[in-house]
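First the structure, which I've put down as structure tokens, then a few questions once you've had a look.
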Amino acid sequence: MACNGYIISIQESALFRPGKKMSPSFSVNGVRVDDDGEKVATINGTNLPPSKLRVGESVTQKDAGRFTLTGITPASGEAKFGGGGIAHFCYEPAPGFELSPGVADGN
């Protein structure tokens, strides 16, 4: 899957702040392999209700941009139930959104 933005990873219980300001911020939970064997994660944040995504699915927050789930790394021993996993995204900023230096530099 080609990414026309930035590859980012968000660990459960951490906040991702892509902009120069403290808001918007995003978090993930439910990083797991579901009963159908699908890799899933739920992302939510500023003006973004919880959105459960499967690998390849996207959600857009109008001010910050689009998040496409590209994969997950479940927490050790938690592949089915979640808790401490990492969700990997292709993040495509909204036009005119001012990225924080860390995102823009790939850090």
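Model, not experiment: these values are computed from the prediction.
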Inset, instruction - Determine yes or no for a side-chain-to-main-chain donor-acceptor pair under 3.5 angstrom, with S51 supplying the side chain and P49 the backbone. - result: yes
Legend entry - Under 3.5 Å: donor-acceptor pair, side chain of D36, backbone of E38: no
Inset, instruction - Taking all non-hydrogen atoms of both residues into account, name the closest pair between C90 and T70 and its distance. - result: N-CG2, 3.7 Å
Legend entry - Residues in salt bridge (charged side-chain N to carboxylate O under 4.0 Å, His left out) contact with K20, at least two apart in sequence or another chain: E98
Legend entry - Closest contact, heavy atoms only, P24 versus A64: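 So the minimum-distance heavy-atom pair works out to CG-CB, 3.8 Å.
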Legend entry - Residues which pass salt bridge (charged side-chain N to carboxylate O under 4.0 Å, His left out) with R17, listed by chain and number, not counting sequence neighbours: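 R17 satisfies salt bridge (charged side-chain N to carboxylate O under 4.0 Å, His left out) with no residue once adjacent residues are dropped.
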Inset, instruction - May I ask you to test the P74-R32 pair for a side-chain heavy-atom distance under 4.5 Å? - result: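 SC-SC contact between P74 and R32 ruled out.
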Legend entry - Smallest separation among heavy atoms of S27 and A14, with atom names: CB-O, 3.6 Å
Legend entry - ILVMFWY cluster, I10 and V55 together (side-chain gap under 4.5 Å): yes
Inset, instruction - For T68 and S58, work out which heavy atoms get closest and say how close. - result: OG1-OG, 2.5 Å
Legend entry - Contact check, side chains of E57 and L69, non-hydrogen atoms, under 4.5 Å: no
Inset, instruction - Give the cluster check for L53 versus V33: same hydrophobic cluster or not, with ILVMFWY residues linked at side-chain heavy-atom distances below 4.5 Å. - result: yes
Inset, instruction - Pick out which of N29, V28, V59 makes a side-chain contact (heavy atoms from CB on, under 4.5 Å) with N44. - result: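 Considering N29, V28, V59, a side-chain contact (heavy atoms from CB on, under 4.5 Å) with N44 is found only for N29.
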Legend entry - Side chains of T73 and H88 in contact at under 4.5 Å (non-hydrogen atoms):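 Yes. Closest side-chain heavy atoms under 4.5 Å.
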Inset, instruction - Decide whether I43 and I8 are clustered together by the hydrophobic rule: side chain heavy atoms of Ile, Leu, Val, Met, Phe, Trp, Tyr closer than 4.5 Å, transitively. - result: yes
Inset, instruction - Mind listing the closest non-hydrogen atom pair of T42 and P50 along with its distance? - result: CG2-CB, 3.9 Å
Legend entry - Ring geometry between F89 and F67 (parallel below 30°, tilted from 30 to 60°, perpendicular above 60°): perpendicular
Inset, instruction - Keeping the roles fixed (side chain from E12, backbone from G30), state whether a donor-acceptor pair exists under 3.5 Å. - result: yes
Inset, instruction - Mind telling me whether Y6 and Y91 have parallel, tilted or perpendicular rings, with 30° and 60° as the class edges? - result: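 Aromatic pair Y91/Y6 classed tilted.
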